[in-house]
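Hydrogens, waters and symmetry mates play no part in the numbers below; they use all other heavy atoms, side chains included. Model, not experiment: these values are computed from the prediction. Each chain gets a letter, A, B and so on, in the order the sequences are listed, and its residues count up from 1.
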There are 2 protein chains.
Amino acid sequence: MTTTSPQGRTELLRPDGSPVRVLVVDDELSITELLSMALRYEGWQIRSAADGTGAVQTAREFRPDAVVLDMMLPDMDGLAVLGRLRRELPDVPVLFLTAKDAVEDRIAGLTAGGDDYVTKPFSLEEVVARLRGLIRRSGAADRRSDSVLVVGDLTLDEDSHEVSRAGDGIHLTATEFELLRFLMRNPRRVLSKAQILDRVWSYDFGGQANVVELYISYLRRKIDAGREPMIHTRRGAGYLIKPAVS
Amino acid sequence: MTTTSPQGRTELLRPDGSPVRVLVVDDELSITELLSMALRYEGWQIRSAADGTGAVQTAREFRPDAVVLDMMLPDMDGLAVLGRLRRELPDVPVLFLTAKDAVEDRIAGLTAGGDDYVTKPFSLEEVVARLRGLIRRSGAADRRSDSVLVVGDLTLDEDSHEVSRAGDGIHLTATEFELLRFLMRNPRRVLSKAQILDRVWSYDFGGQANVVELYISYLRRKIDAGREPMIHTRRGAGYLIKPAVS
DNA sequence: CCCCCGCCTGTGAATTCTCTGAGAAACCCA
DNA sequence: TGGGTTTCTCAGAGAATTCACAGGCGGGGG
């Protein structure tokens with residue numbers, strides 16, 4: 001089931017109307033804090049654990065609808081944690097966090113079961129999107145909720161990553177896609193460059209804030225090119241997207 | 001929930017009808033005083049603390065709906081304070097105060113959880129507006145409260161920063177927008193130039209008082225242009241805005 | 001009725017913000 | 001390993017915004 005808040009954002013809910021529950025497992029406090037903050041903001045209920053033992057314990061009583069699991073934990077191997085979690089909650093989808101250079105083949109095998117993974121350092125947009133996908137597909141949330149964002153004649157499919165305006169397919173790079181997704185999930189709302197940076201770029205990004213301007217520029221070329229513009233600048237405040245008409 | 005006071009101002013209230021509670025944390029007394037005064041004027045209940053330890057302590061018993069937190073505290077790092085606050089009050093939104101040049105510093109990720117920040121020196125309008133936004137979105141206040149101010153046929157949307165009169169969109173600059181917002185939040189009430197200056201301009205503004213006249217003039221051109229005027233001068237007292245049809 | 005003070009507004013300059021081209025570095029896939 | 005793609009830095013151009021200054025206007029007290 002989905003519901004629309006007054007701000008116009010759509011939230012995932014469980015069939016019984018209660019908030020989705022997510023368990024976050026990572027030994028770095030800064031990561032669990034960051035994720036907890038961001039996921040709570042999605043309207044989800046969050047519990048966190050710092051090691052495998054704690055994870056299994058918490059899972060038993062919290063009964064989460066999804067788990068975010070760092071593969072690198074102090075007390076036991078990620079696979080072992082996964083095994084015990086599965087004994088506890090056979091059907092819960094898991095989003096793995098892995099180091100960039102980690103053995104991807106092992107992960108690949110694991111995600112065959114409908115799970116998914118992101119590499120550190122990740123962007124929050126990425127984590128939230130993957131998690132939404134997992135929860136949606138697991139059936140914990142109402143299945144009718146779909147994965148297509150629409151603003152005016154612009155559509156973005158979060159599953160297939162297809163974007164089109166007025167029927168014309170548009171090719172976007174990964175970063176462009178995430179930026180557009182963030183804008184489209186907050187239509188008609190001014191988003192500051194800081195907000196965009198925090199959400200779309202990795203948490204360890206230390207570069208110039210003008211990458212946001214740059215990517216807005218890229219998006220405009222692809223999306224607004226020769227059409228009625230949908231992406232608008234609010235000088236001194238940020239950017240927003242809205243349907244072309246009105 | 002929102003309610004309208006006898007003076008015609010709309011106030012944010014918690015679902016149970018009690019006033020919103022805000023904790024202000026800053027080591028400079030002049031800042032906490034300034035903020036406390038301004039926020040009390042909004043009808044909110046304010047408590048303040050001068051350091052991290054005091055902040056956590058006060059938060060524990062005061063249970064604020066929002067926190068204003070200076071990132072630069074004598075006893076501990078802003079992030080450390082944040083962590084402890086979060087342990088105490090997982091869902092409370094935080095408005096960070098940061099020095100202008102320290103923005104890049106370690107603000108990264110902070111706005112991701114729905115939090116927000118303003119740079120010093122700030123204007124009170126800015127702080128109040130951001131705080132209202134945070135509280136509104138956090139759900140501490142009734143969700144029916146929305147982000148659109150209306151006076152006569154003039155509307156101002158705080159989310160999209162859009163302004164229109166009788167359906168015609170009007171483009172305002174950042175300062176014009178803040179001034180109009182202040183006027184519209186106090187319809188039919190005379191606001192002195194001093195009040196406006198204190199509220200809309202940064203607290204360290206050292207310029208000529210006639211910027212207010214100047215910006216009123218700008219607003220009139222854009223809003224009253226060729227229409228029944230809504231912005232009125234009370235010679236010797238100040239300005240006020242009210243619906244055109246008296 | 002006149003003058004003073006407060007208010008209005010045109011001009012222009014300094015500043016800040018945004019956009020975008022060019023190119024280097026990292027990345028990806030074969 | 002090699003070429004195409006993507007990400008990001010740097011820097012200059014250009015535009016928008018802010019603000020000071022100063023002359024003009026006009027309301028209303030005397």
From the candidates D:dT9, D:dC19, D:dT17, the one with an atom nearest any side-chain atom of A:Asn210 is D:dT9

B:Leu172 CG to D:dT18 C1', in whole Å, measures 15 Å

Checklist entry - For the rings on B:His232 and B:Tyr239, is their centre-to-centre separation under 6.0 Å? => result no

To the nearest angstrom, the CZ-P distance between B:Arg234 and C:dC8 comes to 12 Å

- Does C:dC17 have OP1 or OP2 sitting under 4.0 Å from an N or O in the side chain of A:Lys193? no

N or O in side chain of A:His232 less than 4.0 angstrom from C:dT18 OP1/OP2: no

Open item on the list: For the residue pair A:Ser36 / A:Ser48, report whether a side-chain donor-acceptor contact shorter than 3.5 Å exists.
Closed with: no

Whole-Å distance, B:Tyr239 OH to C:dT9 C1', equals 11 Å

Salt-bridge present (A:Asp224, A:Arg165; N to O < 4.0 Å): yes

When rounded to whole Å, the CG to P distance for the pair A:Asp204 and D:dT7 reads 15 Å

Could you check whether A:Arg137 pairs with A:Asp159 (Lys NZ or Arg NE/NH1/NH2 to Asp/Glu carboxylate O, under 4.0 Å)?
yes

Taking atom types as they are modelled, is there a donor-acceptor pair under 3.5 Å from the base of C:dC17 to the side chain of A:Arg235? yes

Numerically ordered, the residues 214-228 of chain B set in heavy-atom contact under 4.0 Å with DNA chain C is B:Leu214, B:Ser217, B:Arg220, B:Arg221

Rounded to whole Å, the CZ-P distance (B:Phe177 to D:dT17) equals 14 Å

Side-chain N,O (B:Thr173) to OP1/OP2 (D:dA16) below 4.0 Å | no

B:Glu176 atom CD is separated from C:dT9 atom P, nearest whole Å, by 14 Å

Query raised in the report: What does B:Glu213 touch in the nucleic acid at a heavy-atom separation under 4.0 angstrom: a base, only the sugar-phosphate, or nothing?
Result: base

To the nearest angstrom, the CD1-C1' distance between A:Ile231 and C:dT20 comes to 15 Å

message: Between A:Glu125 and A:Arg185, does any side-chain N to carboxylate O distance fall below 4.0 Å?
response: no

Less than 4.0 angstrom between a side-chain N/O of B:Trp201 and OP1 or OP2 of D:dT18, yes or no? no

Indicate whether OP1 or OP2 belonging to C:dC17 is found under 4.0 Å from a side-chain N or O atom of A:Thr233.
no

Side-chain contact check for A:Val211: nearest option of D:dC8, D:dT7, D:dA20 is D:dC8

Q: Taking only Lys NZ, Arg NE, NH1 and NH2, and the carboxylate oxygens of Asp or Glu, determine whether B:Glu42 and B:Arg199 approach each other closer than 4.0 Å.
A: yes

Kindly assign one of parallel, tilted or perpendicular to the pair B:Phe205 and B:Trp201, based on the angle between their ring planes and the thresholds 30° and 60°.
tilted

